[in-house]
Amino acid sequence: MSTSTDAGVQAAQAFGTLLRRASLVTGIVAVVCVVVAAVWQGLSAGLSSLIGGAIVIAFFGARLVVMRKVTEKNPHMIMLTAMVVYTVKVVLLGVAMLLLIRVDGISGPALGFTVIVTAVVWLAAELRGFVKMRIPVFMTDEGPK
């Protein structure tokens, strides 16, 4: 087995771990946001907050799933895939937000607040998980000298 294949398997496992950890933490924070929004502004705001949290978890989780699948097959495509998936995610998230705030019954402030909070929490959880995994960034074919 080549070093690049080993790196791809290791990266794919890392993306799976990051997905599980970030989903759990963000899901908990999303539930807290839903409760706060429902208590503060009513059931409509709670539902809007739930939609916002679900969108963030779906969009950010989809990125890690795609990254995992790509790195299993071709680890050399990690950077290109990350850039493309990030761009698509940001555009689709923006479009979803623009469409949702125009729907009657959706609380824009509750939706926006939850999207911002859960996105920041997701990114922080993902960053913390990545730092704690201590995955070597550069893999070479040379052994230790």
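No hydrogens, no waters, no symmetry mates; every other heavy atom, side chains included, goes into these values. In what follows, residues are counted from 1 in the order of the sequence shown.
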TODO: May I ask you to list the residues sharing a hydrophobic cluster with L24, side-chain cutoff 4.5 Å, ordered by chain and number?
DONE: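 Noted: L24 shares its cluster with I28.
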
TODO: Each residue besides V36 in its hydrophobic cluster should be listed here, by chain and number; the cluster joins Ile, Leu, Val, Met, Phe, Trp and Tyr at side-chain heavy-atom distances under 4.5 Å.
DONE: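 V36 clusters with V32.
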
For the atom pair [atom1] ([X]) and [atom2] ([Y]), what is the distance rounded to the nearest 0.5 Å?
X: I55; Y: M97; atom1: CD1; atom2: CE; answer: 7.5 Å
X: S44; Y: I106; atom1: OG; atom2: CD1; answer: 6.5 Å
X: L18; Y: K132; atom1: CG; atom2: NZ; answer: 13.0 Å
X: N74; Y: T81; atom1: CG; atom2: OG1; answer: 8.0 Å
X: L47; Y: L43; atom1: CG; atom2: CG; answer: 6.5 Å
X: M83; Y: L80; atom1: CE; atom2: CG; answer: 6.5 Å

Between [X] and [Y], is there a shared hydrophobic cluster once you connect ILVMFWY residues whose side-chain heavy atoms come closer than 4.5 Å?
X: V117; Y: W122; answer: no
X: L93; Y: L123; answer: yes
X: V65; Y: F130; answer: yes

- [ ] Heavy atoms only: give me the nearest S23-L19 pair and the separation to one decimal.
- [x]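 In terms of heavy atoms, the two residues are closest at OG-O, 2.7 Å.
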
Treating [X] as the side-chain partner and [Y] as the backbone partner, does any N or O pair qualify as donor plus acceptor under 3.5 Å?
X: R63; Y: F59; result: no
X: S48; Y: L111; result: no
X: S49; Y: A45; result: no

TODO: Could you walk me through whether L64 and E126 pass the side-chain contact (heavy atoms from CB on, under 4.5 Å) test, one step at a time?
DONE: CA-CA 10 Å; L64 291 176; E126 195 174 315; 3.9 Å; yes

- [ ] Quick one: which residue pairs count as a side-chain hydrogen bond (donor to acceptor under 3.5 Å, both in side chains) with a foot in residues 100-113, not counting sequence neighbours?
- [x]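 Passing the test, one end in residues 100-113: Q41-S107.
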
